[in-house]
Amino acid sequence: MARREPIGPLDYTRRLWLRLWLLAVAVFLYAPIVILVVFSFNDSKRNIVWQGFTTDYYVKAAANASLIEAFTNSLVIALVSTVISTIVGALMALALWRFRFPGKPGLDGAVALPIVIPEICMGVALLVFFNRVGVSAAFGWPFSLLPIIIGHVAFSFPFVCVVVRARMAGFDRSLEEASKDLGASEWQTFWNVTVPFMKPGLIAGGLLAMTLSLDDFVITFFTAGPGTLTFPVQVYSMVRFGATPEVNAASTILIVVTVILTVIALRLQRPDKEAAKLA
Amino acid sequence: MESWRAQPAVFWAFVLPGALWLLCFFIAPLALIWLLAFGERAGPVEIDITWTLANYAGVFDPVYIGLFGRSLWVATVATVLALVIGLPVALAISFAPARLKPLILLLIILPFWTNILIRTYAMIAVLRTKGFVNFGLEYIWQLGTVVLAPFGLDQAVMGERFVPLELLYNNTAVIFGIVYVYLPFMVLPLYATLDRLDRSLLEASLDLGAGQIRTFFSIIVPLARPGIVSGIILVFIPALGTFLISDLLGGTDSLLIGNVIERQFKAANNWPLGAAMSFVLLYVTFAVLALRAWVAGREGGLGKA
Amino acid sequence: MTDTPIVTFENVTKSFGRTKAVDGVSLAIPRNAFFALLGPSGCGKTTLLRMLGGFAHPTSGRVLIDGEDMADVPPNRRPVNMVFQSYAVFPHMTVAENVAYGLKVTGVPKAEIGPRVEEAIAMVRLDGMAARMPDELSGGQRQRVALARALVKRPKLLLLDEPLSALDKKLREEMQLELVRLQTEVGITFIIVTHDQEEALGMASDIAVMKEGRILQIAPPRQLYEHPTHRFVAEFIGASNSFECEVLGIEGGMARVRAPLLGELSVERASADVRAGTLIVRPEKMRMDFSSPDPDPGEVLVEARIDQISYFGDLSVVYLTAADGRRLQCSRYNTNRIDKGDPPPGTPCTIGIHPEDLLLVGD
């Protein structure tokens, strides 16, 4: 009776070779990260062969003031640039979705540009720009982070714009008309009908912006002033000196923090889905 | 869609923040280095815009042309590899049971939440001569020796001792690193198109007598073309401009154009030359994008003809 | 050999987890039939069709096509072709390429492909459209491409999955005639899945009515309508009025029953298996009299009150409430052009039913 159902012609996921392929790709994607985390506990300076378990390097990393500063800075940058990118990107998406105006194809193309051009071009352009304009260093922290935040917003708000616009493409304009027909003002309609529909797009876009900011190295590398410590740049200089367990420990902490932030973000998204099911 | 004139205040409120941000912090900086590319160094920091073409001429120095060539080659190989690896993955996800789909997708995206620098750094431990790939190979080598020893074949087949492969600090390592870092960029757009593919088209193909492989090449690949093109663009362009991956994983002979640009702006302090190189890289990017638009347009035109 | 059925289902069951989409179906489909699987959505009819195409496998039981067990035969090696509900016309190929695809992939010689494709395109009346892309065709034309593409392979069996559901009413009627014409022309067995009773009645030579994974009745259209064996069949195909009843005795093909409003009477049994159940009568077989009762001999009379009259052009349906609160409906052909005026709601009237129009069906 427990005869296994034969594999259907389109049950590709049940085919052995494809499962092995998936497994191989998963190993490819995860093995390096797992090894990195495991070796952050390795009791060896050269960090090549496993010598024994220790948490020394976490203690060391925690005592490393510049690492802590870099860490704080990177999180501040990620949070601030996420908020700004989400707002700016969503507004731009609404403008492009809702209005007809002269020069629209031009603006459309310009918004897509930061997504497609090589990061390094944008990085060096911002480097030169802030060098010439000279925003901030004089005001000290947190203004020293301003160039980095500006750069992060510049490359992540177009992504938010794309995500939110895709969401709005599925919006039925007659819902707005219905709201107005029932007596709501323009503003009430926007707030009670348009924004709730947009919300999953906003969350997805915000999540993407945060991911991009935390993932970024190039823009940060070029926009960080000489006195500004950020996590990727700090780790970069440590790596250049050689791979030590301390780098592994610091990386592991960043991985853990990112995963926690993302889980929180996903949790925030969930009640929405429940509501959608009820509706 | 309505005219902006209907509600000009709302329109400006929506459009201005993004447009200004883009203008001040994207277009203006690009314009600035576009200008710099026509400049000459007049001191440690001053640059005069003299409209010289010397910087662009400098880019066409055989050394740099070689670098561009290598960058194009590395990016192409990495992109093709990512496509070959990513297509079955995307296929598997889009045909997975609905409850497993988000999980597998998450598995693919998850590494994205780790900084690119950390991911690249993680590759070092895997690839170096005393890294895990070599440990694995050595283990297989030892196994082989033990198995073949009774036949007296061990020395003949496996060699006298295990020689670790030089996996790090060469072009292969860079390609490997690019595929590792950008694979999700390939999988996601592929998945997006495959997931929207009407299953009955595949069933129709099988029903009409085509085998699975035939169906894959005659139906799935042509219909997944938009996703394949997006995936290629999303991997190829960052791969072309990468400098971090080649910096950490590459050797002296695997410098890419990104490394040279970085050097002009940091160590070598030759901004005009760096600016010219950046713009050549940008023009190559635009050429790729134009090619894509042209191909898409031609296909669209064919459809309508 | 020719009188063996072209398709045989032997005690086929298909489970998805705990639910059974198909539950112990046994069925033989004769050669050259235009066979319809009819039922509400979720009754398992599409699953049966997909088993023939090779896209679903029975959890238990056997499926035979032309006497051959299909268990290990993949879809591309089966002598059947399918017209999909969405048509599944390849969007990146022209009409001719679509039609030629099935021949090309199975290695039919090139010289043979051209003429056969041309012939198939002519057969579905798409001459002159061979070079068009699918997005330039209407829904009806796309369906013809799907038909030509399947027929050009000369299958033993053509499967049609809700082929008319995406077409508008006029086109649907036209396609019905077309499908019947094609079936007689090519002499292939057609199996059609549909939830639309009119479609099935209008085209099929035999119809199987399904409910919850089981086949309730297999019969030609006329018999299905006039001799339904189950109350579900009677109510799914056309409209019917039902009276629950008590069976007092069985006398051959007849039953002695007692029913509210109708009293005690002898009625025909739908089949030998029916020993208890419901009396049904079709709305057009009831006589309605607004004025004074003027009974035909042998007629049973029922008193009722008019609720509403719906006018459909050729006929009107009168909705009634009987003396015991039961809802009935009765249809009348509008044979006169002159409007004599409908009686207003609330008007009492008398219904006359001949016992021979009543049928005892199973529940």
Side-chain angles (χ1 to χ4, degrees), chain A residues 9-13 18 21-22 25-26 28-29 31-33 35-36 39 48 88-89 91-92 94-95 98-101 107 110-111 113-114 116-121 124-129 132 150-151 153-154 157 161 211 214-215 217-218 232 235-236 239 243 247 251 254-255 258-259 262, chain B residues 1-4 11 14-15 17-19 21-22 25-30 32-33 36 85 88-89 91-92 95-96 107 111-119 121-126 130 132 180 183 199 202-203 206 237-238 240-241 243-244 248 258 261-262 265 271 274 278 281-282 285 289:
Chain A
L10 292 187
D11 281 346
Y12 294 125
T13 318
L18 206 57
W21 192 278
L22 265 185
V25 169
F28 174 60
L29 286 178
I33 296 175
I35 290 167
L36 178 131
F39 274 70
I48 290 173
V88 172
L91 289 176
M92 185 56 109
L94 283 173
R98 184 156 171 184
F99 292 106
R100 235 176 321 115
F101 54 91
L107 185 61
V111 171
L113 219 48
V116 294
I117 75 162
E119 269 186 305
I120 190 159
C121 297
V124 298
L126 286 170
L127 166 76
V128 173
F129 177 76
R132 285 297 135 103
I150 286 173
V153 173
F157 95 81
C161 178
T211 311
L214 286 171
D215 185 54
F217 172 77
V218 177
V235 171
Y236 179 68
V239 173
V247 179
S251 304
L254 185 70
I255 293 172
T258 344
V259 168
T262 322
Chain B
M1 204 166 299
E2 58 205 69
S3 167
W4 70 280
F11 169 73
F14 282 174
V15 114
W21 205 288
L22 210 57
F25 305 122
F26 183 72
I27 308 283
L30 279 183
L32 194 59
I33 61 163
L36 278 191
I85 296 172
V89 174
L91 201 65
F95 282 90
L107 222 63
F112 251 146
W113 294 338
T114 317
N115 189 284
I116 181 171
L117 173 69
I118 296 175
R119 277 182 288 153
Y121 166 67
M123 282 316 274
I124 297 178
V126 175
K130 290 199 170 172
F132 291 87
Y180 177 63
L183 187 63
R199 295 299 139 88
L202 309 188
E203 291 182 343
L206 294 172
I237 290 176
L240 195 61
F243 86 91
L244 180 69
L248 293 183
I261 293 176
E262 185 252 345
F265 281 95
W271 288 14
S278 302
L281 181 60
L282 265 184
T285 308
L289 292 175

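Note: hydrogens, waters and symmetry copies are ignored here, and every other heavy atom, side chains too, is used. Chain letters run A, B, ... following the sequence lines, proteins first and then strands; every chain starts at 1.
Atom CZ in A/F217 sits 5.0 Å away from atom CG in B/L244 (nearest 0.5 Å). Note that the CZ atom of A/F129 and the CG atom of B/L30 stand 11.0 Å from one another [nearest 0.5 Å]. Atom CG of residue A/L91 and atom CH2 of residue B/W21 lie 12.0 Å apart, to the nearest 0.5 angstrom.
At a 4.5 Å heavy-atom cutoff, the contact between B/F243 and chain A is made by side-chain atoms alone. If you measure heavy-atom distances from B/L107 to chain A, the contacts under 4.5 Å come from both the backbone and the side chain. Contact of A/L22 with chain B is made through the side chain alone, with heavy-atom distances under 4.5 Å. Residue contact with chain A, scored on non-hydrogen atoms closer than 4.5 Å, involves the backbone and the side chain of B/I116 alike. Looking at B/L32, the atoms closer than 4.5 Å to chain A (heavy atoms on both sides) all sit in the side chain, from C-beta outward. For B/P88, the parts lying near chain A are the backbone and the side chain together; criterion is any non-hydrogen pair under 4.5 Å. For chain A, the nearby part of B/T285 is the side chain; its heavy atoms alone come within less than 4.5 Å. With a 4.5 angstrom heavy-atom cutoff, B/V126 touches chain A only via side-chain atoms. Of the atoms belonging to B/L240, not a single heavy atom falls under 4.5 Å from chain A. The contact between B/F11 and chain A is made by backbone and side chain atoms together, counting heavy-atom distances below 4.5 Å. Only the side chain of A/I35 comes within contact range of chain B, judged by heavy atoms closer than 4.5 Å.
The choice from A/A110, A/P114, A/P232, A/A154 that makes the most heavy-atom pairs within less than 4.5 Å of chain B is A/P114.
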